[in-house]
There are 2 protein chains.
Amino acid sequence: MNTPVLAGSPATAEVPCTHLDTTARFFRALADPTRLKLLEFIQRGERTSAECVEHAGISQPRVSVHLSCLVDCGYVSARRDGKKLRYSVGDPRVADLVMLARSLAADNAAALDCCTRIPGEGEQR
Amino acid sequence: MNTPVLAGSPATAEVPCTHLDTTARFFRALADPTRLKLLEFIQRGERTSAECVEHAGISQPRVSVHLSCLVDCGYVSARRDGKKLRYSVGDPRVADLVMLARSLAADNAAALDCCTRIPGEGEQR
DNA sequence: AGCAGCTATTTGCTTACCCGCATAGTAAGG
DNA sequence: CCTTACTATGCGGGTAAGCAAATAGCTGCT
């Protein structure tokens, strides 16, 4: 399967890592443009999967995985409505977090662009 | 997809999609336990690279890269003091962000753990 | 039950990014 | 200058995680 974010850490598997590891995973869930897009989309109103698929512009399976991840991580909740599932954001702190991040990111947009690639090794294709 | 990000009103307004990539990158910078650890370390007081290396417990080159990333992303700023560079956190919003994330992550720790695991019982690949 | 629509999982490939080790570059001080 | 201390970059390897496409599994309606 392909649970998007989060999988076992490389060298730090069973370390009594306090919140660091958890928080890092938490952030990683938001570190993907697609999930971020979906989250903000759902934030603006309850959405069905189909709407999410269309909004995200990627395949349904991918969206399904991303949504599952967001649900698992507690960002959004799912509710069945007939044949469909409807997703919504339950925790108001999520909005705060995103807003705060957007504010900071906007202020450092130029620098962030510069930081696109950390090491700067072979890339391209 | 690579939009240059046009900085709009931070804490207000509608949300264009422009910032998505930038914000994702912003979160990605915090999606690593090591960087998170360094950030919180620096948050508690100005630190030299050497102190960061010792605190992080990884090689100096790695720490250098992580610190560069944090600086590039605007989380911390560097100041030269004699031969050394001293790092500190300038923006109070950083602390807010981390605290908010920790709060949310703590509440969803179980779910996050679940998302961490690989679905199949056995091995992955 | 059987069909149709919606959602989740599997497979295979590719890229991103973590690490340590070795080394190159640069700013201070003698 | 030249040396030394500090910081940054290059290389190679390994793992996580992204995507598309095909497919399996549910759920509700007729």
Side-chain angles (χ1 to χ4, degrees), chain A residues 1-13 20-21 24-25 27-38 47-54 56-73 78-87 114-125, chain B residues 1 21 24-25 27-38 47-54 56-73 78-87 115-125:
Chain A
M1 159 183 304
N2 198 349
T3 306
V5 166
L6 334 172
S9 290
T12 59
L20 279 177
D21 225 46
R25 287 193 187 94
F27 277 125
R28 190 176 292 275
L30 294 183
D32 179 74
T34 301
R35 279 192 296 272
L36 213 48
K37 189 174 190 176
L38 285 172
R47 311 290 186 178
T48 64
S49 284
E51 290 172 325
C52 289
V53 169
E54 188 185 351
I58 58 173
S59 66
Q60 174 272 319
R62 271 290 100 199
V63 172
S64 172
V65 171
H66 283 312
L67 287 175
S68 297
C69 178
L70 289 173
V71 170
D72 282 350
C73 294
R79 161 178 88 82
R80 180 163 285 279
D81 176 28
K83 287 182 184 176
K84 302 174 181 178
L85 285 178
R86 296 186 181 274
Y87 295 90
C114 190
C115 192
T116 301
R117 223 175 292 283
I118 297 179
E121 44 194 316
E123 70 290 310
Q124 208 173 17
R125 39 171 303 119
Chain B
M1 184 112 179
D21 217 54
R25 229 178 334 253
F27 277 124
R28 189 175 291 276
L30 295 182
D32 179 74
T34 301
R35 279 192 295 271
L36 214 48
K37 190 174 189 175
L38 285 172
R47 311 289 188 180
T48 65
S49 285
E51 289 171 327
C52 289
V53 168
E54 189 184 351
I58 59 173
S59 65
Q60 173 272 321
R62 275 290 100 197
V63 171
S64 171
V65 171
H66 283 313
L67 287 176
S68 298
C69 178
L70 289 173
V71 169
D72 283 349
C73 293
R79 162 179 87 82
R80 181 163 284 278
D81 176 28
K83 287 184 186 176
K84 301 175 181 179
L85 286 179
R86 295 186 182 275
Y87 296 89
C115 197
T116 299
R117 276 196 64 264
I118 288 119
E121 293 310 300
E123 265 308 315
Q124 184 181 341
R125 50 166 60 129

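Residue numbers begin at 1 in each chain, while the letters A, B, ... track the order of the sequences.
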**Student:** According to side chain to side chain contact (heavy atoms under 4.5 Å, CB included), who are the partners of A/Pro33, at least two apart in sequence or on a separate chain?
**Tutor:**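 Listed in chain order: B/Asp21, B/Ala24.
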**Student:** Check whether any side-chain N or O of B/Ser59 sits under 4.0 Å from OP1 or OP2 of C/dC21, and answer yes or no.
**Tutor:**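 The answer is no; no side-chain N or O of B/Ser59 sits under 4.0 Å from OP1 or OP2.
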**Student:** So which atom in B/Ser49 and which in B/Leu67 form the shortest heavy-atom distance, rounded to 0.1 Å?
**Tutor:**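 That would be OG-CD1, 3.9 Å.
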**Student:** At under 4.0 Å, does any side-chain N or O of B/Ser64 touch on OP1 or OP2 of D/dT7?
**Tutor:**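 B/Ser64 to D/dT7 OP1/OP2: no side-chain N or O under 4.0 Å.
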**Student:** Rounded to the nearest angstrom, tell me the gap between atom CG in A/Leu20 and atom C1' in C/dC18.
**Tutor:**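 Answer to the nearest Å: 16 Å.
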**Student:** The criterion is side chain to side chain donor-acceptor pair (under 3.5 Å); which residues satisfy it with A/Arg79, sequence neighbours excluded?
**Tutor:**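 Scan of A/Arg79 (side chain to side chain donor-acceptor pair (under 3.5 Å), adjacent residues dropped) gives A/Glu46.
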**Student:** Ignoring backbone atoms, test whether B/His66 places a side-chain nitrogen or oxygen under 4.0 Å from the OP1 or OP2 oxygen of C/dC19.
**Tutor:**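 For C/dC19, OP1 or OP2 has a side-chain N or O of B/His66 closer than 4.0 Å.
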**Student:** Taking all atoms of both residues into account, what is the closest heavy-atom pair of B/Cys69 and B/Arg35, and its distance?
**Tutor:**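 Between these two residues, the closest heavy atoms are SG-CD, 4.0 Å.
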**Student:** Quick one: is B/Ser49 getting a side-chain N or O under 4.0 Å of the D/dT7 phosphate, OP1 or OP2?
**Tutor:**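 Checking D/dT7 against B/Ser49, a side-chain N or O does come within under 4.0 Å of OP1 or OP2.
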**Student:** Looking only at non-hydrogen atoms, find the nearest pair between B/Leu36 and B/Leu30 and report the distance.
**Tutor:**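 Result for this residue pair: CD1-O, 3.7 Å.
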**Student:** Without decimals, in angstroms, what is the distance between A/Leu85 CG and C/dC6 C1'?
**Tutor:**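 Distance, rounded to whole Å: 8 Å.
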**Student:** Whole-Å distance between D/dA21 P and A/Ile58 CD1?
**Tutor:**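 Whole-Å distance recorded here is 12 Å.
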**Student:** Do you know which two heavy atoms are closest between B/Arg62 and B/Ile58, and how far apart they sit?
**Tutor:**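 Taking B/Arg62 first and B/Ile58 second, the nearest heavy atoms are CB-CD1, 3.5 Å.
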**Student:** To the nearest Å, give me how far apart CG (B/Leu70) and C1' (D/dT7) are.
**Tutor:**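 After rounding, the reported distance stands at 16 Å.
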**Student:** Taking atom C1' of C/dC17 as reference, at what distance in whole Å does atom CG of B/Asp72 sit?
**Tutor:**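 In whole Å, C/dC17 C1' lies 16 Å from B/Asp72 CG.
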**Student:** Please give the angle, rounded to 10 degrees, between the axes at the start and the end of the helix from C/dA1-D/dT30 to C/dG30-D/dC1, where five pairs define each axis.
**Tutor:**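 Result, rounded to 10 degrees: 30°.
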**Student:** Can you tell me how far P of C/dC18 sits from CG of B/Leu38, to the nearest Å?
**Tutor:**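 My rounded result for the distance is 12 Å.
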**Student:** Using a cut-off of less than 4.0 Å, is there contact between a side-chain N or O of B/Arg62 and OP1 or OP2 of C/dG20?
**Tutor:**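 Answer no for this pair, as no side-chain N or O of B/Arg62 is under 4.0 Å from OP1 or OP2.
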**Student:** Taking only N and O in the side chain of B/Thr48, is any of them less than 4.0 Å away from OP1 or OP2 of D/dT7?
**Tutor:**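 No, because none of the side-chain N or O atoms of B/Thr48 sits under 4.0 Å from OP1 or OP2 of D/dT7.
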**Student:** Using every non-hydrogen atom in the two residues, find where B/His66 and B/Leu38 come nearest and quote the distance to one decimal.
**Tutor:**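 Closest approach of B/His66 to B/Leu38: CB-CD1, 3.8 Å.
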**Student:** Taking ring-ring contact (aromatic ring centres under 6.0 Å, His included) as the definition, give me every residue that meets it alongside B/Phe27, ordered by chain and number, with sequence neighbours left out.
**Tutor:**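 Counting only residues at least two positions away or on another chain, B/Phe27 forms a ring-ring contact (aromatic ring centres under 6.0 Å, His included) with A/Phe27.
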**Student:** What integer distance in Å separates A/Asp21:CG from C/dC18:P?
**Tutor:**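 It works out to 14 Å between those atoms.
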**Student:** Between B/Arg86 and B/Arg28, who's closer to the 5' end of DNA chain D by nearest nucleotide?
**Tutor:**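 It is B/Arg86, whose closest nucleotide lies nearer the 5' terminus.
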**Student:** Enumerate all atom pairs, one protein N or O and one N or O from nucleotides 22-30 of chain C, separated by less than 3.5 Å.
**Tutor:**
{"from": "C/dA28", "atom 1": "OP1", "to": "B/Arg80", "atom 2": "NE", "distance (Å)": "3.2"}

**Student:** Quick check: closest heavy atoms across A/Arg47 and A/Cys52, and the distance to 0.1 Å?
**Tutor:**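 In this case the closest contact between A/Arg47 and A/Cys52 is CB-SG, 4.0 Å.
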**Student:** Give the rounded distance in Å between these two atoms: CG of A/Asp32 and C1' of D/dA16.
**Tutor:**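 From A/Asp32 CG to D/dA16 C1': 13 Å.
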**Student:** Not counting sequence neighbours, which residues clear side chain to side chain donor-acceptor pair (under 3.5 Å) with B/Arg86? List them please.
**Tutor:**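 By the side chain to side chain donor-acceptor pair (under 3.5 Å) rule, B/Arg86 matches B/Asp81.
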